[in-house]
Amino acid sequence: MTDVFLERPSSARAALAAVLVAIAGPVLAEQESSRLSDKPVAYHGDKELPLPTPPIFELGDVFLRPGNIKPGFELPTGAVWQPRFWVFGTLRTYVGTFDTGGSPARPVKQQAEWATRADIFGNLQLTGSERILIGIQPLHRDGAFTGRRFRPDRLDAGFQDELNARVRTFYFEGDIGQIFPRLDREDRRQFDIGFSVGRQELNFQGGMLINDTLDALGVTKNNIRIPGWDWLNNLRITGLGAWGEVNRNRTLPPAGIDNARDRGARLYALLTSLDTVFGNQFASTIDMDIAFVDGGRDGTGDLWVAGISGTQRIGYVSSTLRVLGSHAPGRRTAQSNNGALVFGELSMAPFGTHNIAYANFFWGIDHFTSAARDPTAGGPLGRAGLTFASRGIGSYPAPLGNRADRAYGVALGYQMFFDNNRRQVVVELGARNDRTPGVPDAAALGIRMQQALGRRCILEVEAFGAARRAADNGYGLRIELQVKL
């Protein structure tokens, strides 16, 4: 009997095999470069680990470095606190020029400016779950930044000094079960209830529902399991109440400063997150949130806002879909209006690379309104991509804007990594169609390069070009230096 495994292939089969190798060889080689090696790698001690970059000031136990941990002291509740204090932050400075093409919000087209921003925090770490965080932003106030406007001359009032000592973050967070361990010495009861109180930054539904720093109290119950619900891995429920620092959708002079304080406004929210798994094939994190804003003394009106989202991986594609809606029970204003927003994110790493390709889309119905937005956050479409995002410093605009009123659009981008991940380049093409009279449809190409300099600095160079239907085109160029303190 002939052994088929030793049979000599015919010339036709050999030619077919050669063609398949020629086609599949490069693809397999690319896949090989991104897969983990099957060979074990020896560990030669801590010298192989990257050196930590310490914060600019440390008191007590050091941050992410070896050494003995101080014993601390015991509270009457039984908790053991080991205080250590770290100061850290980010300093940003940029110069840029741009031409918006003219719009009702930005009637001045060509501008050039220099602006700076600093975010400095002091972290008093008491335990792994308890801390006090205080933060200042000494170089800007809301949407006004320390710096200078170079063009146009008629708006230049010399050097703009926004130096201040306002406390922009100050809160305590902890866990009741850890603060009072004697309530449950064997850790069998449901005392793992987290809370935070004070002025704190909050971000929900990707910043589309809430993206602001509020004076608030939040209480969270995590690790909720329901007997018989095997598909539910974890449920988190948070109750939130904010009594101050509520900023809402509004534009005030000078033109272009978005989102202003609503004096006397109150915000209440119920925020939930579910980790789910269905069989062995599909898992998703589902967020369901609802918020109510009790309008303040400025006649802004009351507002209900709700959102639901699902984040999951489907095959090789990571995806998030969000649906949000807002409703004004009374008078409609710029801060309280009716509308909906559908938003989706898709991304994947192409085979053989560590890069990221993404496609994001949105559809704004009527006038969707967020519950609270920081003065530097812009509109709810910042997550759509480079051509929609607010930069959070100066007047440099989002090329296609980031408001969702009566518009739909898409952003297609590719993020590349070089130089052992010390350099990244993002190229993005975005487009939006506006159904608001007088607002032109537009498309934009954006490019951003970020280069690490040493261990604390990042150089960022960014440019965009925008084409608008029946309107002037726009462009922008900016250079920013970030220093991690």
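All values below come from the heavy atoms of this structure, side chains included, with hydrogens, waters and symmetry mates left out. As the structure is a computational prediction, the values presented were derived from the model and not from experiment.
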Are more than 12 heavy atoms from other residues, nucleotides or ligands located less than 6.0 Å from atom CZ of Arg469? no

Pairs satisfying salt bridge (Lys or Arg N to Asp or Glu O under 4.0 Å), at least one member in residues 339-366, at least two apart: Glu345-Arg383, Asp366-Arg406

Any donor-acceptor pair under 3.5 Å from Gln200 side chain to Ala216 backbone: yes

Arg373 (side chain) donor-acceptor with Ala371 (main chain) under 3.5 angstrom: no

Can any side-chain N or O of Asn259 pair as donor or acceptor with the backbone N or O of Asp374 at less than 3.5 Å? yes

Output all residues satisfying ring pair (Phe, Tyr, Trp, His ring centres under 6.0 Å) with Phe388, sequence neighbours left out; order by chain, then residue number. Phe362

Kindly indicate whether a cation-pi arrangement holds for Arg117 with Phe145, taking the cut-offs as under 6.0 Å to the six-membered ring centre and within 45° of the axis. no

Give a yes or no on whether a salt bridge exists between Asp302 and Arg331, defined as a side-chain N under 4.0 angstrom from a carboxylate O. no

Ring centroid separation Phe351 to Tyr316 under 6.0 Å: yes

Any idea how Phe292 and Trp304 line up, ring-wise: parallel (<30°), tilted (30 to 60°), or perpendicular (>60°)? tilted

For Tyr414, I'd like to know if atom OH has over 12 heavy atoms of other residues, nucleotides or ligands within 6.0 Å. yes

Are any side-chain N or O atoms of Asn473 and backbone N or O atoms of Arg468, one a donor and one an acceptor, separated by less than 3.5 Å? yes

Before accepting this row, confirm whether a basic side-chain N of the pair Arg391/Glu480 lies closer than 4.0 Å to the acidic partner's carboxylate O. no

Would you say CD of Glu201 has more than 12 non-hydrogen atoms from neighbouring residues, nucleotides or ligands within 6.0 angstrom? no

